[in-house]
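Right, one structure below, let's go through it.
Everything quoted here is computed from the prediction, not taken from an experiment. Lettering follows sequence order; numbering is per chain, from 1.
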Amino acid sequence: MYRYVARRCLQALLALLVLSAVVFGLVRLTGDPTLLMLPEDASAEDIARLRRALGLDRPLPVQYWIFLRNALQGDFGRSIRGQVPVRDLIAERFPYSLRLAAASFAITLLLAVPLGVLAAVYKGSWLDRLAQVVAVLGQSLPMFWVGILLIQVFAVQLRLLPSGGTGSVAHYVLPAFTLGWWLVAGIMRLLRSSMLEVLDSEFVKLARLKGLSEARVIWKHALRNALIPVVTFGGIYLAVLITAAILVETVFAWPGLGRLVYEAIVFRDFPVVQAVVLLTAALVIVSSLVVDILYAYLDPRIRYG
Amino acid sequence: MARAEQLPLTMTPSPEPRRLALLWRRAPFLPLLIILAFIGSALLADLLTPHSPTKVSLPKRLRPPAWVEGGSWTHPLGTDPLGRDVLARLVYGARVSLLVAALTLALGGGVGLGIGLLAGYHGGRLDSVLMRAADITMAFPIILFAILLVAMLGGGLFNVVVSIALVLWARYARVIRGEVLSLMQRDFIARARVNGCSPLRLIVVHLLPNVLNTLMVLLSLQVGWLIIVESSLSFLGAGIPPPTPSWGSMIAEGRDYLTRAWWVSLFPGLAIMLTVLAFNLFGDWLRDRLDPRQRQV
């Protein structure tokens, strides 16, 4: 077990290192930010001075080393656009993203778990078919379009909910639902098929033979085991959520990381892009590491596989 | 991520012949019809509509669809804020979607197939290096990466295709490699080796045909998703640059006119939905037919 954990941690560390190098390299290739920051008639001397001030005149490996060392200390430099520390920008935006993610995840669990379980238990019924339709639609509708339509219907026509921004609980409803539906589709399908498998297994039959109530068999014994493969995909869901958040946050003017990185790319704000891309990719890597270790703990076959 | 990708395959349930089976027991006719219409309009866009998709005509801006008051059959689905025919732009937009999906799948799928075959066949250090690379690649959220690259290289078909394919190959490599690993244990491979088969021949003649089913299923399941990725990028302004019509950018253009001119954003959205739905249903069906062990996430 320790060897497995150590190996996976090492792999994750390596992945992070490569990631940081790739991000650093890519962002450096996007062009010179000084050209955007200075007026067009700036002299060569001005440009050189600015480049020196930003550390852009040093050799690339040195820039990378400095970047890496600072990043480990939580220092991602200053935003080129606003001259504020990137850390502050992220600290300001991250909670919004986190809250939106949590809200949509709550909606997802609230919808996906009952739907997935019931679809499996009442396989072939109208409920199952309804669940399938929800899932297929969720994976086929472009999220940004759903968001726009929801704004049009609920904010513009019915005037029930705000069209964007943050503030009250009502602001969460539309973006969280838009973001959540996508996830509902994936998790529900996965849960349904793993639930079908579990319901067919010996221990469920044993639980029934013991005389447990059907509700207890389904919602406790079967569901717990059916959730394992769903948890395995945690890392992937996180990646999906982050990607989707860029679109949803843009549509709903939500001040989260997705919008931050989108704006930063448009303005070639290197440090911000670097930091956000690194942070999100690191989140994905770390969460899949945690899931893997948890999984190996639960299922010994993996450790020795 | 490595384990997360592989595990469900080992605990796959019994095949489910019943998913949506009531609707399409044999073949999904409606989805096939939509797919044919999509490909047809992409190929024959010039013949299908008399209007130019890019010619601006301000006097004719925001004309409603034919069945709405004030509309006419000259512009069956109305015109956009620049007076361009919405139907014409939809038809030409299909071309962009198809082109991006086909090229990224060819590029990403091809590279992934090659790497998967190589890693699975060769094994050892090469395998672990390639698979680590795949894991790292998969940690990149695809849209984030594509926006980054497009911002860096500029928009355009080529850059969009390359930036998606750069992330896409990893999944193919992983799945194909897994398939090859299990094939390598089979007797016919050992026999081919004993017969003095060269590595190249072994890969091309014995391994490749056996992973084609898996590849086809994976490809078909991802077409719809790629259409969504392309339209998302275009929506964000990081895709195919205007004035070339793309469904995603059409939605973005109509966004500010929704209350006055709902048709500008609604129809491209419907087009995306129908096409993606058709490809997803078709992919599900193909998977059930060709490879019941595959599962969609």
Side-chain angles (χ1 to χ4, degrees), chain A residues 11 14-15 18-19 22-23 26-27 29-31 123-124 129 132 136-137 139-145 148-149 151-152 156 186 189-190 193-194 196-197 200 228-229 232-236 239-240 242-244 246-247 250 261-262 265-266 268 273 277 280-281 284-285 288 291-292 295-296 302, chain B residues 1-5 7-8 10-14 16 18-20 22 132-133 135-136 138-145 147-149 151-153 224-225 228 231-232 235-238 247-248 251-252 255 258-259 262 265-266 268-269 272-281 284 295-297:
Chain A
Q11 282 171 8
L14 189 72
V18 174
L19 261 178
V22 168
V23 169
L26 277 181
V27 171
L29 284 173
T30 60
K123 192 178 148 191
R129 259 171 283 160
Q132 303 278 353
V136 170
L137 276 182
Q139 292 185 325
S140 306
L141 290 169
M143 193 177 308
F144 53 94
W145 187 63
I148 291 175
L149 290 189
I151 291 178
Q152 183 64 18
V156 179
R189 286 185 112 172
L190 200 59
S193 58
S194 94
L196 279 175
E197 183 193 14
D200 206 35
I228 294 178
T232 323
F233 282 88
I236 295 171
V240 171
I242 289 165
T243 307
I246 302 179
L247 289 163
T250 307
V261 73
Y262 176 66
I265 287 172
V266 172
R268 296 200 174 164
V273 180
V277 173
T280 49
V284 173
I285 291 177
S288 67
V291 168
D292 276 7
Y295 211 94
I302 296 161
Chain B
M1 191 79 76
R3 301 286 170 185
E5 280 293 289
L7 267 173
T10 62
M11 35 194 319
T12 298
S14 51
E16 276 179 64
R18 295 205 51 171
R19 43 186 323 128
L20 290 181
L22 296 170
R132 281 297 80 70
D135 287 348
I136 295 169
M138 281 197 287
F140 271 107
I142 201 161
I143 290 192
L144 196 62
F145 187 71
I147 295 177
L148 191 68
L149 272 175
M152 168 181 119
L153 305 165
W225 179 68
I228 289 194
S231 63
S232 305
F235 176 77
L236 290 172
W247 291 345
I251 293 179
R255 205 179 141 191
L258 261 184
T259 316
W262 46 269
S265 279
L266 188 76
I272 296 174
M273 182 184 95
L274 284 178
T275 314
V276 175
L277 203 59
F279 273 111
N280 283 348
L281 291 175
D284 279 356
R295 242 208 267 175
Q296 196 184 11
V297 184

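- Atom CG of residue Asp284(B) and atom CZ of residue Arg189(A) lie 4.5 Å apart, to the nearest 0.5 angstrom.
- Residues Ile228(B) and Ser140(A) share a closest heavy-atom pair of CD1-O, 3.7 Å.
- Here Leu236(B) is the residue among Leu236(B), Leu274(B), Thr275(B), Ile272(B) with the most heavy-atom pairs under 4.5 Å with chain A.
- Leu266(B) has its side chain out of reach of Gln152(A): every pair of non-hydrogen atoms, C-beta onward, lies at least 4.5 Å apart.
- For the residue pair Val276(B) and Gln139(A), the shortest heavy atom distance occurs at CG1-O, 4.0 Å.
- With a 4.5 Å cut-off on non-hydrogen atoms, Thr250(A) touches chain B through its backbone and its side chain both.
- Only the side chain of Trp225(B) comes within contact range of chain A, with at least one heavy atom under 4.5 Å from a heavy atom of that chain.
- Put simply, of Leu149(A), Val261(A), Ile246(A), the one with the most heavy-atom pairs under 4.5 Å next to chain B is Ile246(A).
- Atom CG of Leu141(A) is separated from atom CG of Leu277(B) by 8.0 Å, given to the nearest 0.5 angstrom.
- Trp145(A) contributes a side-chain N or O that, together with a main-chain N or O of Ser265(B), makes up a donor-acceptor pair within less than 3.5 Å.
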